[in-house]
Amino acid sequence: QVQLAESGGGLVQAGGSLRLSCAASGRILNNRAMGWFRQAPGKGREFVAAINWSGGATDYVDSVKGRFTISRETAKNTVYLQMNSLKAEDTAVYYCAARPGVGVRRSSDEYDYWGQGTQVTVSS
């Protein structure tokens, strides 16, 4: 079992920054790729970013490229999402997820462990 806990969400003005953290407990994440997803009110869950098991490969949805950065610290069993130049349309609940494989994937069906989510609200 893997337990994931997100933190770092909050209220920020447009143009501001936040850093989300996802701490894993239970089984370690060494051989798992990780992802961040988000869900805005009234919308489905959307892929945001993913990172492979080693941190050597990443993937981002076009709308956040150049603004968000995903990273991981294996020793701390933690994954981060640095979010800069935030926009009102980034407002959502953000979830981290772990998948049973080493490569990056965009489909939520590829992930088997999920955190409870953290709210990010960007005021315009």
Side-chain angles (χ1 to χ4, degrees):
Q1 285 282 342
V2 174
Q3 292 83 41
L4 302 175
E6 303 95 337
S7 62
L11 174 64
V12 64
Q13 288 188 334
S17 298
L18 285 173
R19 188 176 83 155
L20 305 183
S21 299
C22 174
S25 58
R27 294 179 60 183
I28 58 176
L29 301 176
N30 274 8
N31 295 319
R32 286 179 170 268
M34 300 292 294
W36 284 97
F37 292 77
R38 65 187 179 187
Q39 188 164 15
K43 295 188 177 181
R45 192 165 294 187
E46 174 191 31
F47 167 79
V48 177
I51 189 166
N52 75 337
W53 70 280
S54 67
T58 57
D59 187 23
Y60 299 91
V61 68
D62 284 349
S63 61
V64 307
K65 283 181 181 177
R67 300 189 298 122
F68 291 11
T69 302
I70 188 171
S71 61
R72 65 190 300 165
E73 276 192 80
T74 302
K76 294 186 177 181
N77 237 12
T78 301
V79 177
Y80 305 98
L81 186 67
Q82 177 67 44
M83 306 187 295
N84 298 330
S85 302
L86 283 161
K87 305 176 181 180
E89 51 264 43
D90 294 319
T91 295
V93 177
Y94 283 72
Y95 300 88
C96 72
R99 65 175 300 266
V102 300
V104 296
R105 295 289 188 274
R106 294 191 170 200
S107 172
S108 59
D109 292 340
E110 299 271 2
Y111 294 77
D112 57 351
Y113 291 106
W114 293 81
Q116 293 299 306
T118 185
Q119 176 71 46
V120 171
T121 303
V122 184
S123 62
S124 56

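Note that the structure is predicted; figures quoted are calculated from it, not measured.
At a threshold of 4.5 Å between non-hydrogen side-chain atoms, the residues Leu86 and Leu18 count as touching. No side-chain heavy atom of Tyr95 sits under 4.5 Å from any side-chain heavy atom of Ser108. Using a 4.5 Å heavy-atom cutoff, the side chains of Asn52 and Met34 are not in contact. Put simply, the side chain of Thr58 does not reach to within 4.5 Å of the side chain of Thr69, judged on heavy atoms. Val102 places none of its side-chain heavy atoms less than 4.5 Å from the side chain of Arg32. The shortest side-chain heavy-atom distance between Lys87 and Arg67 falls under the 4.5 Å cut-off. At a threshold of 4.5 Å between non-hydrogen side-chain atoms, the residues Leu81 and Phe68 count as touching.
Annotation: cation-pi pair Arg72/Trp53 absent, no NZ/CZ under 6.0 Å from the ring centroid and within 45° of its normal.
Put simply, CZ on Arg45 and CD on Gln39 are 5.5 Å apart, with the number rounded to the nearest 0.5 Å. To the nearest 0.5 Å, the span separating OG1 on Thr74 from CG on Asn31 amounts to 10.0 Å. To the nearest 0.5 Å, atoms CG (Asp59) and NZ (Lys65) are separated by 6.5 Å.
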- Query: Between Met83 and Leu20, does a side chain to side chain contact (heavy atoms under 4.5 Å, CB included) hold up when you go through it step by step?
  - Reply: CA-CA 8 Å; Met83 306 187 295; Leu20 305 183; 3.8 Å; yes

- Task: Go through Cys22 and Leu4 one step at a time and tell me if the side chain to side chain contact (heavy atoms under 4.5 Å, CB included) criterion holds.
- Result: CA-CA 6 Å; Cys22 174; Leu4 302 175; 4.0 Å; yes

- Task: Any chance you could lay out the side chain to side chain contact (heavy atoms under 4.5 Å, CB included) test for Trp36 and Ile51, step after step, and finish with the verdict?
- Result: CA-CA 9 Å; Trp36 284 97; Ile51 189 166; over 6 Å; no

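Of the possible donor and acceptor atoms, none in the side chain of Arg105 sits under 3.5 Å from a partner among the backbone N and O of Glu110. A distance-only check finds a donor-acceptor pair linking the side chain of Arg106 to the backbone of Tyr60 [under 3.5 Å]. Here the side chain of Thr91 pairs a donor or acceptor atom with the backbone of Val122 at under 3.5 angstrom. No donor-acceptor distance shorter than 3.5 angstrom exists from the side chain of Asn84 to the backbone of Ser17, with no hydrogens or angles considered.
The nearest pair of heavy atoms linking Val2 to Tyr113 is O-CD2, 3.3 Å. Closest non-hydrogen pair, Ser124 versus Ala88, comes out as CB-CB, 4.2 Å. Shown here for Ala92 and Ala40, the closest heavy-atom pair between the two residues is CB-N, 3.8 Å.
Counting heavy-atom neighbours within 6.0 Å of Gln119 CD, excluding the residue itself, gives a total above 12.
Under the salt bridge (charged side-chain N to carboxylate O under 4.0 Å, His left out) criterion, no residue pair touches residues 3-18, with sequence neighbours excluded.
Of the N and O atoms on the side chains of Arg19 and Tyr80, not one donor lies less than 3.5 Å from an acceptor on the other residue.
Each of Ile70 and Val104 belongs to its own hydrophobic cluster when Ile, Leu, Val, Met, Phe, Trp and Tyr are linked at side-chain heavy-atom distances under 4.5 angstrom.
Scanning for side chain to side chain contact (heavy atoms under 4.5 Å, CB included) contacts around Ser7 gives Ser21, with sequence neighbours left out. For Tyr111, the ring pair (Phe, Tyr, Trp, His ring centres under 6.0 Å) partners two or more places apart in sequence, or in a different chain, are Phe37.
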